[in-house]
Amino acid sequence: MDNFPGNLFVVAAPSGAGKSSLVKALMELDAKVRPSVSHTTRQPRGQEKHGREYFFVSLPEFDQMVESNAFLEWANVHGQRYGTSRKAIEDRIAQGADVILEIDFQGAIQVKKLFANAVLIFILPPSWEELKSRLHNRGEDAPDIIDLRLQNAADEMAQAKEFDYVIINELFETALFDLKAIVHAQRLKYLAQRRARADIFQALNIT
Ligand SMILES: Nc1ncnc2c1ncn2[C@@H]1O[C@H](COP(=O)(O)OP(=O)(O)OP(=O)(O)O)[C@@H](O)[C@H]1O
Ligand SMILES: Nc1nc2c(ncn2[C@@H]2O[C@H](COP(=O)(O)O)[C@@H](O)[C@H]2O)c(=O)[nH]1
């Protein structure tokens, strides 16, 4: 884990707070940040494509992957299973990219235990009314699914204090600016640590 060549960012939020929109906008601006495509047992919605937003798999397929230890982390979220495959991360690590995971808080906490340097970012909506209206206006989920997601949001938001950063996504551009600033600051910190280590190694004549 110490040799991780890029940075690992983990973004979590209650459903509808805007994390996918923010992560997508970040990746359009910053080609060095790469996504990890999760596996899920939920059905595709709207324009979602297998292998792009998610790998959509059956429950037995998912459980088989759990059995074979194929997941770095996985969790039950809103009545479905979601997981980050080791392959999704390792391929990107091998490419030396910064990786961003869009996962729920349970997964974020599992990842932090594995990668102590992972940067955990929680996105909050500005209000309950706005969260509800974003879920309805998105027009992707049936009313009972929206209700379930709103019910789960309170418990999810209570976990925000466990994260390194909290961004309030009221004005989209402001929230995007905050996300970019966190990514930038982490890169500077990482570079500074590597440089400091290189300087010490040189001073001590360690190869
Ligand atoms: N700052 C914002 N102001 C207004 N609408 C927003 C803002 N950010 C995102 N939205 C809209 O809110 C809706 C929910 O956003 P998004 O799908 O990104 O949420 P999410 O957190 O990824 O949800 P889920 O976990 O369910 O996938 C989308 O229709 C998106 O366009
Ligand atoms: N623990 C994990 N959670 C994940 C993963 N991929 C997505 N998610 C989270 O699930 C909910 C619902 O997502 P949706 O696409 O159905 O709206 C959301 O909080 C996602 O962040 C994963 O691999 N592991």
Side-chain angles (χ1 to χ4, degrees), residues 8-28 35-57 62 65-66 70-89 92 99-114 118 120-142 144-157 159-160 162-163 166-179:
L8 184 57
F9 300 97
V10 181
V11 179
S15 182
K19 76 185 158 314
S20 302
S21 309
L22 285 167
V23 167
K24 188 165 175 268
L26 175 73
M27 289 190 304
E28 278 163 12
S36 146
V37 179
S38 295
H39 285 67
T40 182
T41 57
R42 86 149 161 78
Q43 292 299 306
R45 62 182 178 223
Q47 303 299 308
E48 288 181 336
K49 279 209 182 88
H50 182 78
R52 189 178 63 188
E53 282 78 13
Y54 284 107
F55 294 105
F56 296 98
V57 294
F62 194 98
M65 289 182 72
V66 172
F71 290 120
L72 191 74
E73 66 73 33
W74 70 273
N76 282 305
V77 192
H78 312 316
Q80 299 290 340
R81 292 186 194 183
Y82 296 81
T84 307
S85 74
R86 293 181 192 282
K87 195 171 181 317
I89 300 286
R92 284 161 178 75
V99 176
I100 194 156
L101 306 183
E102 241 187 89
I103 61 178
D104 89 311
F105 75 88
Q106 306 169 80
I109 289 162
Q110 293 177 55
V111 169
K112 189 76 176 185
K113 285 186 184 145
L114 294 170
L120 268 49
I121 305 160
F122 201 90
I123 312 286
L124 283 176
S127 66
W128 276 103
E129 293 69 31
E130 179 64 17
L131 183 65
K132 204 171 170 178
S133 117
R134 285 183 193 172
L135 278 172
H136 282 284
N137 294 342
R138 184 167 70 180
E140 298 277 9
D141 297 305
D144 58 325
I145 296 197
I146 292 182
D147 286 348
L148 174 66
R149 286 175 176 236
L150 285 169
Q151 278 167 32
N152 291 339
D155 285 344
E156 292 171 338
M157 289 196 277
Q159 299 297 322
E162 305 298 329
F163 283 61
V166 175
I167 296 176
I168 298 169
N169 180 22
E170 183 166 20
L171 278 178
F172 188 82
E173 290 307 325
T174 308
L176 180 59
F177 181 87
D178 291 346
L179 184 57

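Note that ligands are numbered from 1 as they come in the structure, with each ligand's atoms numbered from 1 the same way. Nothing fancy with the numbering, it's 1 onward along the sequence. As the structure is a prediction and not an experimental result, all values here were calculated from the model.
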Nearest-contact summary for [atom] - protein heavy atom, Å:
atom: atom 5 (C) of ligand 2; value: Tyr82 CB, 3.4 Å
atom: atom 23 (O) of ligand 2; value: Ser38 OG, 2.6 Å
atom: atom 24 (N) of ligand 2; value: Glu73 OE2, 2.7 Å
atom: atom 31 (O) of ligand 1; value: Ser21 OG, 4.0 Å
atom: atom 14 (C) of ligand 1; value: Gly16 O, 3.6 Å
atom: atom 17 (O) of ligand 1; value: Arg138 NH1, 2.8 Å
atom: atom 26 (O) of ligand 1; value: Ser15 OG, 2.5 Å
atom: atom 13 (O) of ligand 2; value: Tyr54 OH, 3.3 Å
atom: atom 25 (O) of ligand 1; value: Lys19 NZ, 2.4 Å
atom: atom 17 (O) of ligand 2; value: Arg149 NH1, 2.7 Å

Decide whether an N or O pair under 3.5 Å exists between [X] and ligand 2.
X: His78; result: no
X: Arg45; result: yes
X: Arg138; result: no
X: Val77; result: no

Does Arg45 have a non-hydrogen atom less than 4.0 Å from ligand 1?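 True for this residue.
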Would you say Pro14 touches ligand 1, if touching means a heavy atom closer than 4.0 Å?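 Contact present.
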May I ask you to list the atoms of ligand 1 that are less than 4.0 angstrom from any heavy atom of [X]?
X: Asn169; answer: 1 (N), 2 (C), 7 (C), 8 (N), 9 (C)
X: Arg149; answer: 26 (O)
X: Glu170; answer: 1 (N), 2 (C), 3 (N)
X: Gly18; answer: 9 (C), 15 (O), 16 (P), 18 (O), 19 (O), 20 (P), 21 (O)
X: Ser20; answer: 18 (O), 20 (P), 22 (O), 27 (O)

So, does [X] sit close enough to ligand 2 that a heavy atom of it is under 4.0 Å from the ligand?
X: Phe71; value: no
X: Glu53; value: no
X: Gln106; value: no
X: Lys19; value: yes

Would you sort out whether Gln80 and Thr40 count as a side-chain hydrogen bond (donor to acceptor under 3.5 Å, both in side chains), showing the intermediate values? CA-CA 7 Å; Gln80 299 290 340; Thr40 182; 5.5 Å; no
Considering only NZ, NE, NH1 and NH2 on the basic side and carboxylate oxygens on the acidic side, decide whether Arg134 and Glu130 come within less than 4.0 Å.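 Counted as a salt bridge, because a side-chain N and a carboxylate O are separated by less than 4.0 Å.
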Rounded to the nearest 0.5 Å, how far apart are CG of Leu114 and CD of Glu73?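 Interatomic distance, Leu114 CG to Glu73 CD, rounded to 0.5 Å: 9.0 Å.
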What heavy-atom pair brings [X] and [Y] nearest, and what distance separates the two atoms?
X: Ala118; Y: Lys112; answer: O-NZ, 2.7 Å
X: Phe163; Y: Ala108; answer: CZ-CB, 3.7 Å
X: Leu179; Y: Leu22; answer: CD2-O, 3.9 Å
X: Leu131; Y: Ala17; answer: CD1-N, 3.5 Å
X: Ala12; Y: Ile103; answer: CB-O, 3.2 Å
X: Ser36; Y: Val99; answer: CB-CG1, 4.2 Å

Just jot down the ligand 2 atoms closer than 4.0 angstrom to any heavy atom of [X], in number order.
X: Gly107; value: 1 (N)
X: Ala75; value: 1 (N)
X: Arg42; value: 14 (P), 15 (O), 16 (O)
X: Glu102; value: 5 (C), 6 (N), 7 (C), 8 (N), 21 (O)

Donor-acceptor contact present, side-chain [X] to main-chain [Y], <3.5 Å:
X: Glu48; Y: Arg45; result: yes
X: Gln106; Y: Asn76; result: yes
X: Arg86; Y: Phe71; result: yes

I'd like to know whether Tyr82 forms a ring pair (Phe, Tyr, Trp, His ring centres under 6.0 Å) with His39, so could you lay out the CA-CA distance, the side-chain angles of the two residues, the decisive distance to 0.1 Å, and finally the verdict. CA-CA 6 Å; Tyr82 296 81; His39 285 67; over 10 Å; no
Got a sec: does the [atom1] of [X] have more than 12 other heavy atoms crowding it under 6.0 Å?
X: Ile168; atom1: CD1; value: no
X: Glu170; atom1: CD; value: no
X: Phe177; atom1: CZ; value: no

Describe, in one word, how the ring planes of Phe62 and Trp74 are oriented to each other, choosing from parallel (under 30°), tilted (30 to 60°) and perpendicular (over 60°).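 Ring orientation of Phe62 relative to Trp74: perpendicular.
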Which is closest to atom 5 (N) of ligand 1 in terms of heavy atoms, Arg134, Glu102, Lys24?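 Looking at heavy atoms only, Arg134 sits closest to atom 5 (N) of ligand 1.
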Which is closest to atom 3 (N) of ligand 2 in terms of heavy atoms, Ile123, Asn152, Asp104?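 Checking each option, the heavy atom nearest atom 3 (N) of ligand 2 is found in Asp104.
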Could you please spell out the steps behind the side chain to side chain contact (heavy atoms under 4.5 Å, CB included) verdict for Leu124 and Met157? CA-CA 7 Å; Leu124 283 176; Met157 289 196 277; 3.6 Å; yes
What do we get for Ala175 next to ligand 1 when only non-hydrogen atoms under 4.0 Å count, side chain, backbone, both or neither?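 It is neither; nothing of Ala175 touches ligand 1.
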